[in-house]
Amino acid sequence: MAKKYWLLKSEPEAFSISDLAQAPGQITCWDGVRNYQARNYLRDDIQINDLAFFHHSNACPPGIAGVVKVIQSGYPDSTAWDPFDCHYDAKSTVANPRWFMIDVQLVTRFEEILTLELLRTVPALKSMELLRKGSRLSVQPVRADEYQTVMKLYRSLNSRRQ
DNA sequence: GCCAACGTTGGC
DNA sequence: GCCAACGTTGGC
């Protein structure tokens, strides 16, 4: 299957790209997603070697902080089974797991956040889910052309900084 | 801190 | 199955 592109949201106060950069192997499990549409992407569609933007939400400034690679596709989110975890869900059982997670590894930490404000100025990203008014989905697909546009924007900003 | 836009819940 | 009430998300 062709490589797909995604966007994963995280509040940096809970888990930031800096946290990922310091994690062993720069690997983390992407757990705690408790939305059915996002769950379906994690469980059914996201494949090993897919790439995803790491987005900082509820941040100053909000924006894309880097790129991660999927190194493990969807498997049951064990935090749902832990009564002491804040994402505990009694309705998710080992026999019939309701929530799923993936493992990702850091690929690129952007030198600077690509802010929503900046992304909104790019015509080619006009229909990107992230920029849609009222968009809150924490796991969302990104079109290949949108992915390339964002990366091109990042590289052009980067070369200007040198 | 505000609040619009969602998603979920639960009575009916 | 409808939908009002409520809770959450997340940019601003």
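Proteins come first, then strands; the chains are lettered A, B, ... in the order of their sequence lines, and each starts at number 1. Atom set for the values below is all heavy atoms of this structure, side chains included, hydrogens, waters and symmetry mates excluded.
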| message | Among B:dG7, C:dG11, C:dG10, which nucleotide has an atom closest to any side-chain atom of A:Arg120? | response | C:dG11
| query | Do you know which two heavy atoms are closest between A:Met101 and A:Cys29, and how far apart they sit? | reply | SD-CB, 4.1 Å
| field | Euclidean distance, atom CH2 of residue A:Trp99 to atom P of B:dT8 [Å, nearest integer] | value | 7 Å
| said: If you assign each of A:Asn58 and A:Lys133 to its closest nucleotide in DNA chain B, which residue comes earlier from the 5' end? | reply: A:Asn58
| remark: Assert: residue with more 5' nearest nucleotide on DNA chain B, out of A:Arg34 and A:Gly134, is A:Gly134
| request: Report the distance from atom CD of A:Glu13 to atom C1' of C:dG10, rounded to the nearest whole Å. | output: 13 Å
| query | Given atom CG of A:Leu130 and atom P of C:dG10, what is their separation to the nearest angstrom? | reply | 10 Å
| request: Starting from P on C:dT9, measure out to CG on A:Leu7 and report it in whole angstrom. | output: 16 Å
| Atom CZ of A:Arg136 to atom C1' of C:dG10: distance rounded to whole Å? | 9 Å
| query | What is the nucleic acid contact for A:His55, judged by heavy atoms within less than 4.0 Å: base, sugar-phosphate only, or nothing? | reply | sugar-phosphate
| task | Measure the shortest side-chain to side-chain distance between A:Val142 and A:Glu129 over non-hydrogen atoms and say whether it is less than 4.5 angstrom. | result | no
| Whether A:Asp19 side chain and A:Ser16 backbone form a donor-acceptor pair below 3.5 Å | yes
| task | Could you check how far CD of A:Glu129 sits from P of C:dG11, rounded to whole Å? | result | 12 Å
| query | Between B:dA4 atom P and A:Arg132 atom CZ, what is the distance in whole Å? | reply | 17 Å
| Joint cluster assignment, A:Val150 & A:Tyr154, ILVMFWY side-chain distance < 4.5 Å | yes
| In whole angstrom, what separates A:Leu116's CG from C:dT9's C1'? | 13 Å
